[in-house]
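Structure first, then comments.
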Amino acid sequence: MKHLLPPLPYGPAALEPHIDARTMMLHHDKHHASYVANLNSALEEFPALQERTAIWLLLNLGKLPEKIRMAVRHNAGGHVNHSLFWRAMSPTGGGAPTGRLADAIERDFGGLAQFKARFDDAGVKLFGSGWVWLARAQQDGGRLEVYTTSGHDHPMMQGHFPLLVNDVWEHAYYLKHENRRAEYLHGWWSVVNWQEAAARFERSDHGAEDNWESEGGALLEATTRS
Ligand SMILES: [Fe+2]
């Protein structure tokens with residue numbers, strides 16, 4: 001089985017004006033595609049590993065041959081994170097979360113405005129390339145936290161279940177916003193997909209790790225079978 005690039009869940013211009021169509025096309029069709037191609041190429045000599053989901057590979061890096069460990073970390077991470085990122089946005093996004101996720105944001109951050117400020121601040125301060133997340137801790141009563149990862153590392157690698165993610169690599173915003181990362185982060189709230197975050201919050205309730213493992217399997221099997 002080979003990993004395949006999942007299609008964008010909307011057209012490349014659908015998130016305009018907040019994210020421009022050219023950025024979306026390059027980001028999905030070139031950047032994300034190259035992570036998928038590089039992951040397949042790293043696994044070429046290892047048929048047994050080709051049966052594994054990208055999330056399994058990320059969570060079991062120590063079991064991989066050393067010569068491909070770093071390539072898998074970068075490229076399986078790039079594949080998994082971008083797959084989540086496309087779904088974290090929607091042309092009908094924006095607004096505010098409702099229900100239990102809204103209650104949890106109130107409880108753990110003091111309100112939506114405070115959460116957004118924390119998220120934007122973490123995104124601005126993240127040095128170099130990486131990701132900013134709303135994640136749920138597996139320990140500590142399942143508290144919500146703003147969390148960042150460098151490169152393409154994924155929160156589950158350190159026991160945090162991702163609910164929402166924004167890409168703060170320069171390739172995500174530089175064509176439109178140039179060096180103004182804060183402006184990009186601010187505009188992103190207009191396309192944020194709270195429904196997806198709320199669905200992930202519900203899923204994270206019961207044995208997040210097992211769920212995430214099987215979810216990763218389901219997500220990536222759907223995209224690995226041609
Ligand atoms: Fe990206």
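Position 1 is the first residue of the sequence, and the numbers go up from there. As the structure lists them, so they are numbered: ligands from 1, and atoms in each ligand from 1.
- The side-chain contact (heavy atoms from CB on, under 4.5 Å) test applied to Gln158 returns Tyr147, His160, not counting sequence neighbours.
- Here the straight-line distance linking atom CG of Leu112 with atom CZ of Phe119 works out to 11.5 Å at 0.5 Å rounding.
- Within the structure, every pair that satisfies the salt bridge (charged side-chain N to carboxylate O under 4.0 Å, His left out) test and touches residues 27-47, not counting sequence neighbours, is listed here: Glu45-Lys67.
- Residues satisfying the salt bridge (charged side-chain N to carboxylate O under 4.0 Å, His left out) test with Glu16, not counting sequence neighbours, are none.
- Salt-bridge formation is not detected for the pair Lys116/Asp120: no Lys NZ or Arg NE/NH1/NH2 atom is positioned less than 4.0 Å from an Asp or Glu carboxylate oxygen.
- Summarising the local packing, NE2 of His186 is surrounded by 12 or fewer heavy atoms from other residues, nucleotides or ligands at distances under 6.0 Å.
- Taking a cut-off of 2.8 Å, the protein N, O or S atoms nearer than that to the Fe ion (ligand 1) are His27 NE2, His82 NE2, Asp167 OD2, His171 NE2.
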